[in-house]
Amino acid sequence: ILVTSLLLLTACGSQKTEDTSLSDIQDKGTITFATNPEFAPFEFKTLVDGKDTIVGADVEIAKAIAKEIGVDVKFSSMSFNNVLSSLQSGKADVAISGISATEERKKTYDFSETYYESINVIIVRKSELSKYTSTDSFSGLSVGTQKGTIQEEVAKDQLSGANVVSLTQNGEMINELKNSQLDAVVLEKPIAEGYVAKNDDLVIADITLESGDSDAYAIAIPKGSTALKAEIDKVITKLKESGEIDKFVQEAQELSATASN
Ligand code: ARG
């Protein structure tokens with residue numbers, strides 16, 4: 001009786017947890033990536049053959065994954081604070097958006113292997129650069145961060161006394177910094193460098209922020225999607241080893257420097 005019930009239990013168990021994460025996507029013939037394309041060089045919009053197109057290093061990674069799985073790639077564009085939850089509502093299959101694989105997020109989502117290490121920096125107005133000598137210099141000042149990002153916590157934890165303002169759009173945040181509605185903006189380095197290169201009046205302050213162990217970027221996957229995660233990890237490992245990810249980032253940086261937006 002014991003053996004029979006154990007066998008039955010195993011049978012039921014394996015049926016319930018059957019992982020169709022990969023076959024579902026193969027059946028559909030498309031993999032949809034949720035993203036917030038306001039984050040050059042990882043994802044941003046530019047005109048390609050006269051058409052507004054999402055491009056960037058993350059886009060190249062997504063394309064490589066779709067190719068490996070043998071399906072078409074699609075992007076679903078949204079604000080960053082909706083990117084992760086779109087996996088739960090089924091609006092997207094996976095999310096790629098320069099997402100830091102934090103312990104907190106890992107409670108709700110699975111993550112691929114990480115593919116990019118990033119550090120946080122502070123952008124300020126060039127004319128006021130000398131005012132900022134330490135993380136304490138921001139006390140009483142308005143510091144912008146993108147809504148739903150780890151930079152909200154970074155700014156609150158490390159810039160003591162600052163008034164942290166969360167905005168949905170990075171472009172708007174930069175405009176508010178330029179017109180003095182904000183005094184500083186916290187962004188990850190490659191993104192900040194892109195904005196500074198395009199805005200003569202802005203610079204990166206010479207102040208070091210601490211980054212956590214889990215700030216590196218990874219693709220977010222619905223929990224329990226083992227087969228899908230294995231395919232994604234295979235591609236990421238390959239792209240990392242061949243140095244292609246660095247190449248994607250560099251090429252996207254060049255493209256963004258010449259792009260209109
Ligand atoms: N790495 C940060 C985070 O995961 C910021 C990501 C913002 N990405 C974007 N495409 N806007 O919270």
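Counting starts at 1 for both ligands and their atoms, following the listed order.
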Asks: Would you mind listing which atoms of ligand 1 come within a distance below 4.0 Å of any non-hydrogen atom of I99?
Replies: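 Near I99, meaning under 4.0 Å from one of its heavy atoms, ligand 1 has 4 (O).
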Asks: Listed by chain and number, what are the side chain to side chain donor-acceptor pair (under 3.5 Å) partners of E153, not counting sequence neighbours?
Replies: none
Asks: Going by heavy-atom distance to atom 11 (N) of ligand 1, choose the closest among T35, N36, D58.
Replies: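 Heavy atom nearest to atom 11 (N) of ligand 1 belongs to N36.
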Asks: Would you call the rings of F39 and F42 parallel, tilted or perpendicular, taking 30° and 60° as the class edges?
Replies: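 It falls in the tilted class, 30° to 60°.
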Asks: N/O to N/O below 3.5 Å, does that happen between E188 and ligand 1?
Replies: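 Indeed, backbone or side chain, E188 has an N or O that close.
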Asks: What are the two closest non-hydrogen atoms of T114 and K240, and how far apart are they?
Replies: O-NZ, 2.6 Å
Asks: Below 4.0 angstrom from a heavy atom of R105, which ligand 1 atoms are there? Numbered from 1 as shown, please.
Replies: 3 (C), 4 (O), 12 (O)
Asks: Out of all atoms in ligand 1, which are within 4.0 Å of some heavy atom of E43? Include the element for each.
Replies: 10 (N)
Asks: For residues Q158 and N120, is any side-chain donor paired with an opposing acceptor at under 3.5 Å?
Replies: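 Result is no, nothing qualifies.
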Asks: Quick one: does Q146 get within less than 4.0 Å of ligand 1, heavy atoms only?
Replies: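 Contact present.
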Asks: Does S100, backbone or side chain, put an N or O under 3.5 Å from an N or O of ligand 1?
Replies: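 Yes; the residue has a nitrogen or oxygen that sits under 3.5 Å from a nitrogen or oxygen of the ligand.
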Asks: Could you go through the side chain to side chain contact (heavy atoms under 4.5 Å, CB included) check for D93 and T30 one step at a time?
Replies: CA-CA 9 Å; D93 300 306; T30 309; 5.9 Å; no
Asks: Below the 3.5 angstrom mark, is there an N/O of G148, backbone or side chain, next to an N/O of ligand 1?
Replies: no
Asks: List ligand 1 atoms under 4.0 Å from Y217, heavy atoms only on the residue side.
Replies: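 Here the atoms of ligand 1 in question are 1 (N).
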Asks: Can you say whether the rings of Y132 and F138 are parallel (under 30°), tilted (30 to 60°) or perpendicular (over 60°)?
Replies: parallel
Asks: Can you confirm, on distance only, whether ligand 1 has an N/O atom lying under 3.5 Å from any N/O atom belonging to T149?
Replies: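 Between T149 and ligand 1, no N or O pair is found under 3.5 Å apart.
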Asks: Identify every side-chain donor-acceptor pair in residues 65-84 under 3.5 Å, counting partners at least two apart or on other chains, and give the distances.
Replies:
{"unit_1": "E68", "atom_1": "OE1", "unit_2": "K238", "atom_2": "NZ", "d": "3.3"}
{"unit_1": "E68", "atom_1": "OE2", "unit_2": "K234", "atom_2": "NZ", "d": "3.3"}

Asks: Nearest to atom 5 (C) of ligand 1, what protein heavy atom do you find, and at what distance?
Replies: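 Nearest neighbour among protein heavy atoms for atom 5 (C) of ligand 1, to 0.1 Å: Q151 OE1, 3.4 Å.
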